[in-house]
Amino acid sequence: MPEFDNAFQAALNLILGLDSTLVGILALSLQVSLAAVAVGALIGLPLGAALALWRFPGRGAVVVMLNALMGLPPVVAGLAVYLLLSRAGPLGQFGLLFTPGAMVVAQVLLILPIIAALTRQQVEELHAEYREQLQSLGLSRLRRIPTLLWDARFGLMTVILAGFGRASAEVGAVMIVGGNIEGVTRVMTTAIVLETSKGNLPLALGLGLVLLALVTLINGAAYLVGETARRRLG
Amino acid sequence: MPEFDNAFQAALNLILGLDSTLVGILALSLQVSLAAVAVGALIGLPLGAALALWRFPGRGAVVVMLNALMGLPPVVAGLAVYLLLSRAGPLGQFGLLFTPGAMVVAQVLLILPIIAALTRQQVEELHAEYREQLQSLGLSRLRRIPTLLWDARFGLMTVILAGFGRASAEVGAVMIVGGNIEGVTRVMTTAIVLETSKGNLPLALGLGLVLLALVTLINGAAYLVGETARRRLG
Amino acid sequence: QSIGHITLASTTSTENSGLFGAIIPAFTEATGIEVRVVAVGTGQAFEIARRGDADSLLVHDTEGEARFVAEGHGSERADVMYNDFVIVGPVGDPAGIAEADDVNEVFARIGAAEAPFTSRGDDSGTHRAEQRLWEAAGVVTASPWYRELGSGMGATLNTAAAMDAYVFTDRATWVAFRNRQDLTLLFEGDEALFNQYGSVRISPDRHPHLKHDLAAQWHEWLLSEAGQRAIADFRVNGGQLFFPNSQPNVDDAP
Amino acid sequence: MAHQLPELAIPALRFEGASVVHRGQTLLQPLTLSFDGCRRTLVMGPNGAGKSLLMRLAHGLLLPSAGQVYWKGKPPRQAMVFQRPVLLKRSALDNLTYALAVSGTPWRSRKPLAREALARFGLSPLERRPARVLSGGEQQRLALARAWLLAPEVLFLDEPTAALDPASMRAVEAAVVDFHARGTRILMTTHDLNQAKRLADDVVLLHEGRLIEHSDAERFFTTPASPTTRAFIDGDLIW
Amino acid sequence: MAHQLPELAIPALRFEGASVVHRGQTLLQPLTLSFDGCRRTLVMGPNGAGKSLLMRLAHGLLLPSAGQVYWKGKPPRQAMVFQRPVLLKRSALDNLTYALAVSGTPWRSRKPLAREALARFGLSPLERRPARVLSGGEQQRLALARAWLLAPEVLFLDEPTAALDPASMRAVEAAVVDFHARGTRILMTTHDLNQAKRLADDVVLLHEGRLIEHSDAERFFTTPASPTTRAFIDGDLIW
Ligand SMILES: Nc1ncnc2c1ncn2[C@@H]1O[C@H](COP(=O)(O)OP(=O)(O)OP(=O)(O)O)[C@@H](O)[C@H]1O
Ligand SMILES: Nc1ncnc2c1ncn2[C@@H]1O[C@H](COP(=O)(O)OP(=O)(O)OP(=O)(O)O)[C@@H](O)[C@H]1O
Ligand SMILES: [Mg+2]
Ligand SMILES: [Mg+2]
Ligand SMILES: O=S(=O)([O-])[O-]
């Protein structure tokens, strides 16, 4: 298929050319998604763990809601953040709209449920094993959270990577709250959409391949770190 | 915030009105995403399990690739499928482009890595526990797959729900391969994008809420089934 | 009663305005042919047609359409209708374009005031028209006041509304657009703002598999009296958005 | 062989009609019992009799379905060695320093204390080994070392020597005696009649979730009150 | 107390310089051994001596880091009861029918056979209980029932009675004798010297990953070849 060949060609040219515009777009993509994952993990991991530990009336509903929010459409998340940050909105005065900051906020909204829901499930399973021992040690639920997150870390790594994948891949949210402004809020996915709408399909695919290559690099680094740590544990 | 109130109002009206167009769009959304999840699970679960079981040179690279593909942008998946199914493409003669079938194919591409990567991780952990016993029973790796998938089913439920969320939320792929044709390939997310581009933000948000409500219902049903089964197991 | 369907590649501005929703039923009624509209960016619409994935094309980029036919992808092109571009901006009108005499002055004033302006920046028909006007006004656009969004018309309007920026848009999208916030129509009516839509038939030689018979009926219907009347009858809030201007028997490469 | 030591001020643990019912099945019949003083109580009975359930009730890991389990007075500091030890996915040493951290031991003294405990249970060479790959007996000893480190006032031991070699078993029994001598109340299960004879001040016998007898060790082994006890001591109490 | 029965045609299992090294640490020194005939071999030694490693090598769950472990002739049908039984997340009955399904038993006969095995190990009332909530001893008995069902030609038992009450232990010992009488070769570990004396045809003693002695039971217990064996039998072989 000539298009796919062209796409690989385009990707190669893009990488070899190391066009400064492309580098800027790539860097922004990475910054936004990594920031979103960092915030998402910082909130989502303890949140998911807490939900695994506490029993309370309505817990089932919360779990269902969280699972369902894994299906929050990026466009909807983007719209909600747009309305919040828009000049007429409640947080309008901060002038965050159409800035990378706004894109991070929208992506956090998207990946928080993914990280929290998958964390809940994994921590719940580990806690089934640890519960009696930790309770015997007199650990309050709150203090069990770091222990469980730490001991589940190899599994949670994949969860965080799923969140990162979601953030780096989505376009609906960043498009609306970022506005795809050239040089300011244009990221890889919005650039791909733009090229697609221009009919530049090989270039669009090529950009996609470049993005995937970058994401793969990051995944590879995470894998190496994980495997090294795991090997030390036998 | 008036927009959010309007959005809830719009959602309510949409639901109460039970407009036949809306019902059609909702039904198509559901059909496409459920079909994609079914196919994705049918392939992804055994694939992930196999990857958990077999050791071979280059396995690490495959795992990294799979994890990275969780970050496959919907637009890129859409483009790739578009080029394959386009008249000028290798599968052009089947006339699948701009049909729900094409949308299913693109979504399968998106969620397969998610299901397979998360399954791999969970099955790997269960297998660490079961390995010696299953090997002692003389089970080949192939025959261990159904056993492990069955015994990991409660955790895998959340994985499948993550895949379903991804499918029902994305817009990039279905937009390109479906074309958002009214009455034929318009689904909830593409309708939301359309309304957004018309500046109908409350309606767009309202549609988003309706979609989320539907997704929540399905998650609730899955939760009830899961909890009932789990309770029977102690 | 349906005898089949055709796929029509078109742009979001026509789709967003609701035009197709108004005229296609009349066509289907008359011929039993269903029309499935794939509304995308101008470039993407050409690309879809070029690849043989659409049976017909309706866009507003006369130059591009001509090239499409000249390159052999299209067999026939015809004017169908026109509307016009308008310039909208914040009610406060910081660059004072409402008082401008012609469109050149509008762009000159915005450039001089360095007032925020959002451009589609997506190489669409609208975007190209806008760029020609900047050039004509002798303004060199530059960030940060000039924002290239790389978005569709609707998305660009949403962004402009939130940024209180000027924006160059086709009238149809603007009239149908609901999230105006502080935006208002500030300038219209210059001849240079003319926006021509054309229907293009795809070459049967290039793509013999397409439904050329049905597509021909669509093309002819658009140019026919019935089609032209349907276009003229389409109103939003009582206002006419598209003005039919087919010239019977004028076709082929211009 | 009742072991006489000054009875320290450990509050009494009371079971009052405490039962365990799970999905309609009564696993532990209503139990009324009192564990007073700083004694070494051995809980015995066939598999599935409810020994581990009783231990978990006593340690507060399980709430009775009916009735009550409570301490008369302030609940004492407790630790438990489980029948199937749960070790964290960390090294042997880290498992111990973790327990110390939880119990509030200052950072500086954790490692020395943990190493001491490892040495006491013959695990010194294994300190860096992941706890989960230790042999069955090593894991059990690590769990004992962890409980030992916590210096509890009440120590629950659920078949703590089941996986141990004869010498280790003797060492652990010595450790139990030692614990007790330092004022720790012992509640322990075992299937080993000789071990029970060596260690028990008093014995609780359970059978099919029911309390058969609770009496002083001497009495229990020489003049049992119940024919079931007799059968148990003779090894005749079969499924 | 060597047990004399017609030696059935079970091929011999050979260890030839087989060792286990893990991340630079030698867990099992190169081992050369041969297990012939239909005997009951007891593997003994202190915690961490390498008994479980040896069992896993023999059963083929672990490949030696160096040297070889192989059957002279066609590998026989084998089953193993692990020191820490691994039960599937299913009911007790389903754990057994699963094993039968795996071994190719026709669907119709699975349940009756499984019920028979449950009855034999005193687990009948528990057939619908999830295997993971069974008591320690019940789990061990379920694992034994599973192995029993598979009617193996060689049976590996890793401390199979550690969690059992005295009566159950006797019943399991009887089952082992029974197995053997039906022609099954037994390779078993235990910490219980008396049990070893009751069951062993021959004994392997390991210590710190090294083979100390492999001799007939009679010889082993009465005139041990090594001073380490002496110390072990006297219960003096301490960490
Ligand atoms: N969560 C549970 N659900 C159902 N039954 C349970 C549960 N926990 C324990 N049981 C049952 O309760 C009974 C008592 O269990 P327990 O663990 O107290 O026995 P035990 O006396 O400690 O036996 P062992 O000597 O084998 O350790 C057993 O028959 C067991 O199957
Ligand atoms: N995967 C592993 N990684 C590191 N060390 C291991 C591993 N498996 C076993 N060991 C070590 O090898 C030694 C022998 O273990 P093994 O389980 O064979 O002992 P054992 O003789 O069965 O002891 P026990 O009587 O306690 O069951 C132990 O010191 C153990 O810590
Ligand atoms: Mg127990
Ligand atoms: Mg062992
Ligand atoms: O829904 S997406 O924005 O990921 O296409």
Side-chain angles (χ1 to χ4, degrees), chain A residues 1 3-4 60-61 63-65 67-76 79-80 82-84 88-90 113-114 117-118 120-122 125 154-155 158-159 161-162 164-172 176 188-189 192-193 196 201 204-205 208-209 211-212 215-216 218-220 222-223 227, chain B residues 1 3-4 60-61 63-65 67-76 79-80 82-84 88-90 113-114 117-118 120-122 125 154-155 158-159 161-162 164-172 176 188-189 192-193 196 201 204-205 208-209 211-212 215-216 218-220 222-223 227:
Chain A
M1 281 194 63
E3 281 83 5
F4 287 110
V63 169
V64 168
M65 284 270 294
N67 284 347
L69 281 175
M70 292 196 287
L72 178 67
V75 194
V76 174
L79 272 176
Y82 171 91
L83 290 176
L84 282 175
I114 296 177
L118 294 171
R120 193 222 80 211
Q121 182 261 317
Q122 300 214 356
E125 273 178 29
F154 298 118
T158 311
V159 170
L161 289 176
F164 175 64
R166 175 60 145 158
S168 61
E170 74 86 27
V171 68
I176 293 180
M188 289 301 281
T189 53
I192 293 169
V193 167
T196 302
L201 305 193
L205 254 191
L209 291 179
L211 175 58
L212 267 180
V215 170
T216 307
I218 289 174
N219 271 277
Y223 182 82
E227 282 304 288
Chain B
M1 280 195 65
E3 280 84 1
F4 286 110
V63 169
V64 168
M65 284 270 293
N67 284 346
L69 281 175
M70 292 196 287
L72 177 66
V75 193
V76 174
L79 273 175
Y82 170 81
L83 290 175
L84 283 175
I114 296 176
L118 294 171
R120 192 222 85 217
Q121 182 261 316
Q122 299 214 359
E125 274 178 30
F154 298 118
T158 311
V159 169
L161 289 176
F164 176 64
R166 176 59 144 157
S168 61
E170 73 87 25
V171 68
I176 293 180
M188 290 300 282
T189 53
I192 293 169
V193 167
T196 303
L201 305 194
L205 257 189
L209 291 178
L211 175 59
L212 269 180
V215 169
T216 307
I218 288 175
N219 271 276
Y223 182 80
E227 282 306 287

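Every chain is numbered from 1, with letters handed out A, B, ... down the list of sequences.
- The two residues A:A169 and B:P74 come nearest to each other via the heavy atoms O-CD, 3.4 Å.
- Each of A:L201, A:V193, A:V63 has some count of heavy-atom pairs under 4.5 Å with chain B, and the biggest count is that of A:L201.
- Heavy-atom pairs under 4.5 Å with chain A were tallied for B:T189, B:L205, B:V159; the largest tally goes to B:L205.
- Side-chain contact between B:E170 and A:E170: absent, with no pair of heavy atoms (C-beta onward) separated by less than 4.5 Å.
- A:P73 places a side-chain heavy atom less than 4.5 Å from the side chain of B:L211.
- Ranked by heavy-atom pairs under 4.5 Å with chain B, the list A:L79, A:L161, A:V75 is led by A:L79.
- Chain A forms the most heavy-atom pairs under 4.5 Å with one residue out of B:G165, B:A167, B:A222, B:A68, and that residue is B:A68.
- With a 4.5 angstrom heavy-atom cutoff, A:I218 does not touch chain B via any of its atoms.
- Under the 4.5 Å side-chain criterion, counting only non-hydrogen atoms from C-beta, B:L69 is not in contact with A:V215.
- Taking OG1 of A:T158 as the start and CE of B:M70 as the end, the distance is 6.5 Å to the nearest 0.5 Å.
- Using a 4.5 Å cut-off between heavy atoms, A:I114 makes no contact with chain B at all.
- Within the 4.5 angstrom heavy-atom criterion, atoms from both the backbone and the side chain of A:A80 approach chain B.
- Residues A:Q121 and B:Q122 have side chains that bring a donor and an acceptor to within less than 3.5 angstrom of each other.
- In this structure, the portion of A:I176 lying under 4.5 Å from any heavy atom of chain B is its side chain and not its backbone.
- Scored by the side chain to side chain donor-acceptor pair (under 3.5 Å) test, B:Y82 finds C:D53 as partners (sequence neighbours excluded).
- Note on A:T196, A:V171, A:L209: by heavy-atom pairs under 4.5 Å with chain B, the leading option is A:T196.
- Contact count against chain B (heavy-atom pairs under 4.5 Å) is highest for A:N67 among A:N67, A:V76, A:T216.
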